[in-house]
Amino acid sequence: MTDSIGKVTATERAPTTTTELAFWVKDGIQIRPFDIIRVKHLSNRDDRSASYSYAIINELHFITDSSGHLANFVSSDFGDVSAVPLNERLGTTLAFADVLYNDQDVEMPVRDGATVEWADEEGILRALGISNLRKPVPAGFIRMSNGTEIAVHVDADYLIGPEGAHLNIAGISGLATKTSYAMFLMNSLQQLQEEFKQKYSMIVFNVKGRDLLHLDEPLISEDLESTKLDLDQVREDWKRCNLRAKPFENVQYLYPYDKDRPNFTTSHADGDSLQRQIDAKLARNYHYPVERGKRKLGLLFSDIEDANSTLASCIDAITGMNAATWKALRTEVAGHTQRGSGANSNIQVGSWRRVARLIETRTKDGIFADAHAEERRLTTIEKAVSEITPGQVLVIDIEPLPPYLQALVVGDVIQTILALKLGDDEYGFEEEVPDIGKVIIFADELNKYAPRNESHGILTSKLREISARGRSLGMILFGAEQFRSGVDDQILGNCGTNVYGRTSPVEVAKGGDYKFMSKSNQSTITGLPKGSLMLQHAVYRAPLLKVSFPFPFYHQPKD
Amino acid sequence: MPSIFKIISKSGVDVSPRHRSDIDVDDYSAYDHTTESHSDNVFERPRPDDPIQNLRPATNEPTQSILKYFIDGSRRVQKVADIVFGGRFFPMVAGQVGVAVTGRTEDSPYVKPLRDYCKVQNVISLPDKLGQEIEEIQRKLDDEFPIRFKVLTYDTSNQERNPNDLAVIAIMSQMLDMEIEAVTALASSGLLGPNSWLVRDGPLQFRKKLPKISAFQHVIGISKSFSTNAPVKKGGNPMDVGSLVTKLDIFDRTKCYCLEMSDKSVAFWYLRLHPKNRVPNPALDGVIKIEKIAQPWEVDEDGVEADLINTISRHVFNERNVTAYGSDTRWANHIYPVYLTEKFLKASLDSQLKFNGYFRETA
C-alpha cells in the first residue's frame, strides 16, 4: 500500500468539484506544482473495490488560523522582532489540484477526508492520456517530488500529422532551451523513422552563432562545460527516453555564398568542421543568380509596406526584364529612374527610384552572385530543397545574413516546398515532381517571418498557409520565438503542440496565451531552470506538463 | 431511524416537541467557579514583601515548557421539547458534552490530541420528577436508537432557578465529571509530573468532591475571566481583586491567595500576559487567574512555595505568543495550546445540523 501524503478537504465554501480538489499535506511531505497524486474514491464496480482519481497539483497555499497580519504582529509581542513565540501557529499546506482521470470513470467529486497518495507510474500515464499512444515520440520526462521520473511522449499523429500538426516553442534566449528541445524532438523522430515506417525530411535554419552547424557530429565533454552534466549522464537521460544518444544522421549543410570569403562563404562555421563537411561533400553554398533572384524580390521586400501596390507593380516589371547579371539588372532599373522615363508607363519615376534604391542596398550581399564555378559548390535554395531525399536533414545557415535576407531565404524554402507539394509552373517541377516526403521545417525567431498584426507580408501569408494546410500537405512547422505575443495568432492557433520555456514576467503579464495558466504556473514559467519546459499537447488531459529532456547529443562548440 | 421523541413517548412520557432553541449561553460559568470563603490570607512561602512581583524573563528565548498537557471541556446544549408531567411543563434539554486532552510531542510543533483521554457524549437532561421512567427511557433509547444518548436528570426541587438552567447544570455536571475522570486517569498513568504539568481551561474549584486530591498535584487551572469583587485584603485599606489586578504590568504576578472550600483548598494568583496599553480594556484584558489545588503538605505549611509559583508563572508567560487575536475576543487572556484544544474539541462535536437530525422523524 502506498503511503498517505494528505487528505482531501471539502468545505461549505470550498467544495471539491468534478474537476478540482484540495487536500492538506502531511507534515514532512514536500510536493510542488505539476506533481501527480491519486485519491481513493467511490467504486463503480460490482466488487466495490475503490476507484482512484488522479489529479495534477497546480497551486499550494500555506494557511494558518491567524485572522490577519495584525494578529501575527500582535503574536510577536506587538512587533518585537526578537520575540520567539513558544507556540507555533497552527497551519498546514493546502494543495489545489485539477482532476485528470478516474480509473473507473467515476465523475463524482472526491469526498472530504479521502486519502491522498503519490500516483503510480502506470496511473500517471493513463491519467495524462498517454498510456496507449499509437505513435509515441519521446518528449522528455517528468520529475515528481517523491523522486519518481517518468518518460512522457507526444503522439506523432498529432505532432506531425495527420490528426494534428505543428509545434511552437516560446521562451527567452539562452535559458529557454528552445532550439535544444526542437532538436531533441527532431532527433527522436529521426530515430523512430524505421519504427513508424515513414521517413521525414527536415530543414533547419541556423540563426544564431554556430548552434546548428554540427548536427552530425557527436557531443563531446567540452560542450558540457557550462552544465553540471557529463557524457554518461546525458547518455543515461537519452536511454531513459528509450532513445540512442547520437547525433543526427544524413545531414547536409547550406552556407551563404560570398566569392571573397574563405571557403566562399560568410558562415561562422568552425573551420575544421566546415572542411570536414566539404571533404565529405556535405556542404554547399547557396546563392541567387539574377534569373532566379529577380523572381524572389517579393520575398526580399516582404517587410516593406506597399499600400498602393506600386512596389508590387515594379517587381512585376523587373521580373519581366532580361538582364543576365545583377549588374545589368540594376542598370536597367536605374534607367527607369531618369526624369521623363516614365512617360509610357503607369509606374511613376518616384516609385522606380524607391525600388532602385532598395535593390541597390538589398542585393549587395555576396549571395546575389552570378558565378557558378564547380569548385565553389554553388547551388540555389530551390535546387537544394528539391533535391532533399526523404530522411535527410538540410541545415541552412542564415546567421550571417541581415534580417531581410533571412526572411528571403526562409520564404524561398517555403515557397519551394509549396511548389513541390502543389506544383508551380515557375519552378518547372510540373513534369517530374521530386518526392521529398513529409518535411519538418524548424525556424527560430518566427516573429521575424510572421509578426503579429501584419496582414500584408507574403511570408506571413505563406506561413499561415502552412499552419492551416501543412498537416494535409505533409509540411510541418516547428517554430520558435522569444515572445509568443510577437507571433501571428493564426499560426500559433494551428499548433497542436505548444511548448513554453522560461519567459519574462512582462510577457506573462501581457496575458494572451499565458492567460489560461494558473498563477502558480505563471510564476513557474518565469523561473524555469535551463533544460525544463512546460508542454501542452493535443492528447494530454493535463493542460500543461513540466518536462525535462536530455541534452542534445550533437557537438555544440562555444562561440 | 425512529425519533427520540417517539421512543420517549413510548415510555409513557408526554413529550411536546418545540422549535429547538439554543440555550448554550455562557451564564453557567459560575457553576464551576465560586467566590465563597474567599481568603485574604497570603498563601505562599516565604511570605512576599511586595504585593506584586515582576518576573520579566532575562531572554526572549523560551525554555522547554513544563506545561505539557492541556485539557478542555465543552458542551453544546439546546432545549428540544417540553415534558408535560403532573400538569407542569419541564424542559427537555439535549446536547453534547466532551472533554479533550492534548499534549506537546517531540515530532510536532503543535499540541496533539491524546485520543485515550478524549471523549464526546450525547446527553438528554430530563426532570427528576419522571422517577422510574428515567431508567425505562434510558433502556429504550439504548435498545431502539442507534446513537448512544445518556439520560441525565435535573433537580426540580430548586424553585429559585429557572428549570432551563437546572437542566443545563446537570449537563455541565456531567462534563465536569468527565474532566475529573480524565485528569485522574492522566495522573494514574504517570504522565503528569514536575516537568509535565496539565493545564485546565478554567478554574479548578469544581463544585464537587474530587475523588483524589493527589491526582491534581501537577495540574493548574487558567481562567480567562474571574470575579473582580472578591476581597484580597479585608483589614486596613481593603482591596478587592479588580483593584489589585489593575496594578499589574506585563510579567507581574500578584501574591498567591487561598480559597477554602469544604473539601479542598485552592491556591490562586493573577498574572498579566500582555501590556496594558495594547489591549482593549486595560484593567482586565491580558490578566489571567491561575489556580492550583493545594496538596496536604501545602495546607499544613500554609502556603505553596514561591519558587514553584514563580516557575509556573514564567512558563505561563512563555505561552503568551502566538495569540488568537482577531479569532477570539478573549485573545489577550487565552493561551494558544488551550485555544487549539478548545478548537479540536469543538470540531469533534457533531454539527448542529446533524445533531438536530436525531430529533427528526425520518422515513
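Throughout, protein chains are lettered first and strands after them, A, B, ... in sequence-line order, and every chain is numbered starting at 1. Values reported hereafter were calculated over all heavy atoms of this structure, with side chains retained and with hydrogens, waters and symmetry mates removed. Only a predicted model underlies this, so the values are computations on that prediction, with no experimental measurement involved.
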* Give a yes or no on whether A/Asp47 atom CG has more than 12 heavy-atom contacts from other residues, nucleotides or ligands under 6.0 Å away. =>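 Counting other residues, nucleotides and ligands, CG of A/Asp47 exceeds 12 neighbours.
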* Neighbour count above 12 (heavy atom, 6.0 Å) for A/Arg111 CZ ->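 No.
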* **Nearest-0.5 Å distance that lies between atom CZ in B/Arg104 and atom NZ in B/Lys68** =>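 Here the rounded value is 10.5 Å.
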* Asked: Any residues in residues 310-321 of chain B near chain A, with a heavy-atom distance under 4.5 Å, and which are they?
  ->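 Interface residues of residues 310-321 of chain B: B/Asn318, B/Glu319, B/Arg320, B/Asn321.
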* Just checking heavy atoms, which of residues 96-103 of chain B are less than 4.5 Å from chain A? ->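 No residue falls under the 4.5 Å cut-off.
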* Using the ring pair (Phe, Tyr, Trp, His ring centres under 6.0 Å) rule, collect all pairs that involve residues 326-350 of chain B, keeping only residues at least two apart or in two chains. =>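 Qualifying pairs, neighbours excluded: B/His274-B/Trp331, B/Tyr325-B/Trp331, B/His334-B/Tyr339, B/Tyr336-B/Tyr339.
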* To do: Verify whether the ring centers belonging to B/Phe226 and B/Phe268 lie closer than 6.0 Å.
  =>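 No, the ring centres sit 6.0 Å or more apart.
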* Would you please say whether a donor-acceptor pair under 3.5 Å links the side chains of B/Asn122 and B/Tyr358? =>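 Not at all, the side chains of B/Asn122 and B/Tyr358 share no donor-acceptor pair under 3.5 Å.
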* To do: Using only heavy-atom distances, determine whether the side chains of A/Ser66 and A/Asn72 contain a donor-acceptor pair under 3.5 Å.
  =>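 Side chains of A/Ser66 and A/Asn72: pair found under 3.5 Å.
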* Considering only heavy atoms, which portion of A/Asp65 lies under 4.5 Å from any heavy atom of chain B: side chain, backbone, both, or neither? ->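 Both the backbone and the side chain of A/Asp65 come within 4.5 Å of chain B.
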* **Region of A/Asp27 that comes under 4.5 Å of a non-hydrogen atom in chain B** =>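 For A/Asp27, side-chain heavy atoms alone lie under 4.5 Å from chain B.
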* Asked: Which heavy atom of B/Pro109 sits nearest a heavy atom of A/Glu88, and at what distance?
  ->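 For B/Pro109 and A/Glu88, the tightest heavy-atom pair comes out as CB-OE1, 3.3 Å.
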* To do: Heavy atoms only: give me the nearest B/Gln121-B/Met178 pair and the separation to one decimal.
  =>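 Where B/Gln121 meets B/Met178 most closely, the heavy atoms are OE1-SD, 3.9 Å.
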* **Geometric class of the B/Phe359/B/Phe355 ring pair [parallel <30°, tilted 30-60°, perpendicular >60°]** =>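 Tilted.
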* Asked: Residues two or more places apart in sequence or in another chain: which of them pass ring-ring contact (aromatic ring centres under 6.0 Å, His included) with B/Trp197?
  ->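 B/Trp197 satisfies ring-ring contact (aromatic ring centres under 6.0 Å, His included) with B/His218 only.
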* Report the option among B/Leu340, B/Thr323, B/Ile335 that has the most heavy-atom pairs separated by less than 4.5 Å from atoms of chain A. =>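 Max contact count across the listed options: B/Thr323.
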